[in-house]
Amino acid sequence: MKRFISISLERHLIDIQTKIASSVIIADLFSEDLIAGVDQAFMGDMVISGAVTLDFPMKIHELASCTLATSFPYIPGFLSFREGPAAVRAIKALRKRPTLLFVDGCGINHPRHAGLASYIGVVLDIPTVGISKNVLCGSFETPEEVGGVSLLVMDGDKVGYVLKSRKNCRPIVVAPGHLVSVESSLKLVCRFLRNHKLPEPCRLAHDYVRNVKEALRAPNQGGFS
DNA sequence: GCGACAG
DNA sequence: ATCTTGTCGC
């Protein structure tokens, strides 16, 4: 395999992640007043982030997006430096600040306990939960039954869960990002599951960012020009 | 040393 | 993540 960044830059980024991790608080200090989800898409050398806030019946309340030039390659363990900046700006663009944010990516279930969800949570000081479709690190047993859950462990510590959220779908990984306990991260995800593999905040943010991307690729094809 | 490796 | 049609299973 090839190196994408220098040893010195990697060391610097690891320092940043170590600081992020030291700022992370794993405890229930959140409210469910305004739930939100954020997700990113790529088009050429652009990163597009879409943030959505939800209303009571889990419907979209507000949308905001941010498109930036991609400034960092994808390197496992360093995703926050690639997607974090755009995500932070998309969330800041929301008129109402979320009180709980669902992020597509790892939380404390990360080599340095500083995944994208933790990064966004600390930078914005907003409670976050990380949801990923694949395991980056940690050991676990694969749940087979729908609704089945197993602990995700790292060095003897519980850092999250692997959840079989829907039939015929691979299990998803859930972990706290910031200001949410390990137990609550799972309860929250289960509470916002609605017959899909991913919880509504993530699914709606994903749909939204895909629409933003399509609109950028085909300007004026949405009518009213 | 070898393999794994969020999106 | 992204490139992509049909297709198998609920």
Side-chain angles (χ1 to χ4, degrees), chain A residues 1-5 10 13-14 17 20-21 24 37-51 65-88 90 101-121 128-140 142 144-147 152-155 159-178 185 189 193-199 201-203 205-214 216-218:
Chain A
M1 284 297 131
K2 188 176 184 300
R3 286 205 73 79
F4 289 96
I5 56 179
E10 178 174 331
L13 299 181
I14 287 178
Q17 294 186 321
I20 293 291
V24 166
V38 66
D39 188 30
Q40 290 66 243
F42 292 81
M43 189 172 71
D45 61 350
M46 302 300 276
V47 199
I48 306 163
S49 180
S65 67
C66 172
T67 298
L68 300 174
T70 300
S71 59
F72 199 81
Y74 168 66
I75 302 175
F78 297 88
L79 183 67
S80 60
F81 300 106
R82 179 176 171 76
E83 305 191 350
V88 166
L101 176 68
F102 284 62
V103 179
D104 274 67
C106 295
I108 60 171
N109 53 330
H110 176 277
R112 292 164 290 285
H113 309 294
L116 180 61
S118 297
Y119 174 90
I120 293 174
T128 59
V129 174
I131 296 84
S132 38
K133 307 168 204 65
N134 292 288
V135 180
L136 171 60
C137 59
S139 58
F140 63 98
T142 302
E144 301 294 348
E145 311 295 322
V146 174
L152 180 61
V153 178
M154 276 180 72
D155 300 307
V159 295
Y161 300 90
V162 176
L163 164 70
K164 176 78 174 176
S165 61
R166 181 188 173 156
K167 57 187 173 183
N168 281 61
C169 283
R170 292 175 51 206
I172 60 177
V173 188
V174 180
H178 184 44
S185 68
V189 166
L193 275 177
R194 217 166 108 165
N195 209 210
H196 286 283
K197 174 176 181 175
L198 297 173
C202 292
R203 195 179 65 80
H206 188 268
D207 284 352
Y208 171 53
V209 79
R210 291 292 303 191
N211 290 332
V212 172
K213 174 177 175 175
E214 186 50 45
L216 289 176
R217 173 158 49 192

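Order of the sequence lines fixes the chain letters, A, B, ..., with proteins taken first and strands second; residue numbering starts at 1 for each chain.
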Note to self: Between P on B:dA6 and NE2 on A:His113, what's the gap in Å once rounded to a whole number?
What the structure shows: 17 Å
Note to self: So A:Gly77, base contact, sugar-phosphate only, or nothing? Heavy-atom distance under 4.0 Å.
What the structure shows: base
Notebook entry, point to check: Would you say A:Tyr74 stacks on B:dG7, if stacking means ring centres under 5.5 Å apart and planes within less than 30 degrees?
Noted result: yes
Note to self: If I take atom CZ in residue A:Phe140 and atom C1' in nucleotide B:dA6, what distance separates them, rounded to the nearest angstrom?
What the structure shows: 13 Å
Check: Atom NZ of A:Lys213 to atom P of C:dT4: distance rounded to whole Å?
Finding: 10 Å
Next item on the list: Using the closest heavy atom to pick a nucleotide of DNA chain C for each, name whichever of A:Lys167 or A:Ala41 lands nearer the 5' end.
Entry: A:Ala41
Check: A:Gln17 has an atom CD; how far is it from atom C1' of B:dA6, in whole Å?
Finding: 12 Å
Check: What nucleotide among C:dC3, B:dA6, C:dT2 has an atom nearest to a side-chain atom of A:Arg217?
Finding: C:dC3
Next item on the list: Round to a whole Å and report the spacing from OH of A:Tyr119 to C1' of B:dG7.
Entry: 15 Å
Checklist line | 5' precedence on DNA chain C between A:Asp104 and A:Arg166 (nearest-nucleotide basis) | finding: A:Asp104
Notebook entry, point to check: Closest to the A:Pro76 side chain: B:dG7, C:dC3, B:dA6?
Noted result: B:dA6
Next item on the list: Would you mind reporting whether A:Arg194 and A:Arg203 have side-chain heavy atoms less than 4.5 Å apart?
Entry: no
Check: Parallel, tilted or perpendicular for A:Phe81 and A:Phe72, by the 30°/60° rule?
Finding: tilted
Notebook entry, point to check: Are A:Leu193 and A:Arg166 close enough, and set up right, to give a side-chain contact (heavy atoms from CB on, under 4.5 Å), and what steps lead you there?
Noted result: CA-CA 9 Å; A:Leu193 275 177; A:Arg166 181 188 173 156; over 6 Å; no
Check: Rounded to whole angstroms, how far apart are CG on A:Asn168 and C1' on C:dG9?
Finding: 6 Å
Checklist line | pair A:Phe78-A:Gln17: side-chain heavy atoms closer than 4.5 Å | finding: yes
Notebook entry, point to check: Please walk me through it: do A:Arg170 and A:Asn134 pass side-chain contact (heavy atoms from CB on, under 4.5 Å)?
Noted result: CA-CA 9 Å; A:Arg170 292 175 51 206; A:Asn134 292 288; 2.7 Å; yes
Next item on the list: May I ask you to evaluate whether A:His206 reaches the phosphate of B:dG7, defined as a side-chain N or O under 4.0 Å from OP1 or OP2?
Entry: no
Item checked: Rounded distance (Å) that lies between atom P of C:dT2 and atom CD of A:Glu214 -> 12 Å
Next item on the list: Mind calculating the distance between CD (A:Gln40) and P (B:dA6) to the nearest angstrom?
Entry: 16 Å
Check: According to a strict under-4.0 Å criterion, is A:Asn134 in side-chain N/O contact with OP1 or OP2 of B:dG7?
Finding: yes
Item checked: A:Arg210 side chain near C:dT2 phosphate (N/O to OP1/OP2, under 4.0 Å) -> yes
Check: Of the nucleotides B:dC5, C:dT2, B:dG7, which one has an atom closest to the side chain of A:Ser132?
Finding: B:dG7
Margin query: Within the 4.0 Å heavy-atom criterion, would you say A:Phe78 contacts the bases, only the backbone, or no part of the nucleic acid?
Written below: base
Notebook entry, point to check: Out of C:dT2, B:dA6, B:dG7, which nucleotide sits closest to the side chain of A:Lys133?
Noted result: B:dG7
